[in-house]
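Being a predicted model, the structure only gives us computed values, none of them experimental. Scope of the values below: all heavy atoms of this structure, side chains included, with no hydrogens, waters or symmetry mates. Index from 1, following the sequence.
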Amino acid sequence: MNLIANFAVLASRRTIFDLPVCDLGWDDALVFINELASIPVGQTVVCFVNAHNMLTTLRDDEYYRIMSHNLVLPDGIGLNIASQIAHGSPFPANLNGTDFVPAFLTFMEAPRRIGLIGGKRSVVEAAAENFRRHTPWHEFVVVSDGYFDKVDPTDVIQELERQKVDILIVGMGTPLQEKWVHDHIRADHARLVLTVGALFDFVSGAVPRAPRTVRMMRLEWAYRLLQEPARLWRRYVIGIPVFLFHVLRYRFRRRERILSHPEERGSALQPQSDRRKAS
C-alpha cells in the first residue's frame with residue numbers, strides 16, 4: 001500500500017475488533033480513492049467489510065493481517081451497530097461495494113483502463129457491458145472469470161500483464177479474493193485494486209437487488225436472505241447475533257484491558273492471538 005493510504009488506515013478513528021475501518025463520508029471517500037487511483041507509484045487495495053467479514057477476522061489470522069494493510073470501508077448495518085457500541089456513533093456512510101463502485105466509476109472523470117476478474121464468464125462479460133454503458137469514457141476488459149487455478153494462476157497473471165490495466169476489480173468472495181490479491185497482484189499489475197465480492201452478479205443483473213425502499217431501510221440483507229435462504233441463512237440468522245455478541249464482549253474486555261494496562265490505549269493492530277484472548 002502507498003504511504004497515503006497507509007496513513008489513512010492507521011489514522012482511522014473507528015476500529016472494529018482492532019481492525020481500522022475508514023470513517024469517511026461518501027464525498028470524502030470518492031475524492032480520496034480517486035486521488036489514490038492517480039498516484040503513479042505504490043498500490044492500494046480497497047476492501048468492503050460487513051459483519052460476516054469481521055467475524056472471519058477473528059478466526060483467520062492470515063485474513064486479519066492482510067485486511068489490516070488494506071484500505072477498509074464499512075458495509076452494512078452490522079458495522080454501524082458495532083461502531084455505535086464501540087465508538088458512540090455510527091459510521092458516516094454505508095460504503096458498500098455494490099453502490100460505491102459504480103459511483104466511483106462515475107466520479108472518476110479521467111478515462112481509465114479497468115480489468116475485471118471473477119464470477120462466471122457470462123456474468124462477468126455482462127457486468128463489463130453494463131459498466132461500459134454506465135461509464136463509456138472508461139475501458140473495461142475481462143481479464144478472467146473466477147474459475148481458474150487459484151494456486152497457480154499463471155495464465156491469468158500473464159493476461160493481466162498483457163492488458164496493462166490501471167484499476168483491477170476482483171470479485172471472488174471473501175476471504176479468497178483478498179488472499180489471492182495479496183499473494184498474486186503486484187503494483188505493476190494495477191495501482192488500485194477493488195475487492196468486491198458478488199458485485200458482478202448484481203451489475204450483470206444475474207441477481208436482482210432489493211427495491212430502493214428496502215435498501216434505504218437498511219434491510220437489503222433480509223431481502224437477500226429471502227432470495228437465497230439455503231446459502232445465506234447461517235450468515236444472517238446465526239452470524240448477526242454472534243457478531244453482536246462479540247462486539248459487546250470485545251468492548252467490555254477491551255475496556256478492562258485498558259484500565260488494567262493503560263499502555264494498551266490506542267493500540268489498533270495488536271497480534272490476532274491477543275485479540276482472540278480479549279474477545
Side-chain angles (χ1 to χ4, degrees), residues 24-39 44-48 50 71 73 75-76 93-148 156 159-174 177 180-181 185 189-221 223-224 227-228:
L24 300 172
W26 264 92
D27 290 344
D28 289 339
L30 290 170
V31 170
F32 178 57
I33 296 177
N34 186 50
E35 291 177 351
L36 293 176
S38 303
I39 297 175
T44 303
V45 179
V46 179
C47 305
F48 304 88
N50 54 28
L71 188 63
L73 302 183
D75 173 0
N94 175 24
L95 302 176
N96 68 85
T98 310
D99 291 322
F100 185 83
V101 173
F104 174 62
L105 296 176
T106 303
F107 185 83
M108 284 192 302
E109 296 180 351
R112 302 288 183 186
R113 187 169 171 83
I114 301 169
L116 309 181
I117 296 177
K120 296 179 181 177
R121 173 59 62 169
S122 60
V123 168
V124 69
E125 292 281 3
E129 185 57 33
N130 285 338
F131 277 140
R132 294 182 190 108
R133 294 194 193 99
H134 177 71
T135 50
W137 59 93
H138 299 310
E139 186 176 2
F140 294 91
V141 295
V142 175
V143 177
S144 174
D145 57 34
Y147 295 85
F148 59 88
V156 174
E159 178 64 12
L160 181 59
E161 292 171 347
R162 188 179 73 82
Q163 292 291 351
K164 299 186 184 304
V165 302
D166 302 304
I167 296 171
L168 181 63
I169 303 178
V170 179
M172 298 194 299
T174 294
Q177 60 192 10
W180 187 82
V181 166
I185 304 302
H189 292 147
R191 298 296 183 191
L192 181 68
V193 182
L194 307 171
T195 59
V196 297
L199 175 66
F200 299 152
D201 289 332
F202 295 117
V203 172
S204 68
V207 175
R209 290 204 67 187
R212 183 174 180 82
T213 53
V214 174
R215 300 201 302 268
M216 291 178 64
M217 294 170 64
R218 307 298 293 275
L219 291 174
E220 188 167 14
W221 65 270
Y223 182 85
R224 291 193 65 195
Q227 283 185 309
E228 302 179 85

Closest approach of D145 to I117 (non-hydrogen atoms, all atoms of both residues): O-CG2, 4.2 Å
Smallest heavy-atom separation, V203 atom then A127 atom, equals CG1-O, 3.7 Å
Go through the structure and list residues passing ring pair (Phe, Tyr, Trp, His ring centres under 6.0 Å) with Y147, not counting sequence neighbours. none
CG (D27) with more than 12 external heavy atoms under 6.0 Å: no
I'd like to check T135 versus W137 (side-chain heavy atoms, cut-off strictly below 4.5 Å). Are they in contact? yes
Using 0.5 Å steps for rounding, measure from the CD1 atom of I114 to the CD1 atom of I167. 4.5 Å
How would you list, by chain and number, every residue that makes a ring pair (Phe, Tyr, Trp, His ring centres under 6.0 Å) with F131, sequence neighbours excluded? F140
Shortest non-hydrogen pair, G171 vs F200, comes out as N-CE1, 3.8 Å
Using the test side-chain contact (heavy atoms from CB on, under 4.5 Å), find all partners of N96 that sit at least two apart in sequence or belong to another chain. D75, N94, T98, D99, R209
E139: which residues meet the side-chain hydrogen bond (donor to acceptor under 3.5 Å, both in side chains) condition with it, sequence neighbours left out? R113
Residue of the set L192, T44, L194 for which side chain to side chain contact (heavy atoms under 4.5 Å, CB included) holds with L71: T44
For the backbone of G197 and the side chain of Q177, can you confirm whether one donor and one acceptor N or O come within less than 3.5 Å of each other? yes
Here the gap from D201 atom CG to L199 atom CG, rounded to the nearest 0.5 Å, amounts to 8.5 Å
Identify, with sequence neighbours excluded, every residue that meets side-chain hydrogen bond (donor to acceptor under 3.5 Å, both in side chains) alongside N130. R133
So I185 and W180, do their side chains get closer than 4.5 Å, heavy atoms only? yes
Considering only heavy atoms from C-beta outward, does the side chain of E159 approach that of F148 to under 4.5 Å? no
Show me, pair by pair, the donor-acceptor contacts under 3.5 angstrom made by side chains of residues 100-112, not counting sequence neighbours?
unit_1, atom_1, unit_2, atom_2, d
T106, OG1, P102, O, 3.0
T106, OG1, H134, NE2, 2.7
R112, NH2, S38, OG, 3.1

Verify, without hydrogens or angle tests, whether S204 (side chain) and A206 (backbone) share a donor-acceptor contact under 3.5 angstrom. yes
From the list V196, V170, I169, V143, side chain to side chain contact (heavy atoms under 4.5 Å, CB included) partner of L116 resolves to I169
Close side-chain approach of T195 and V46, heavy atoms under 4.5 Å: no
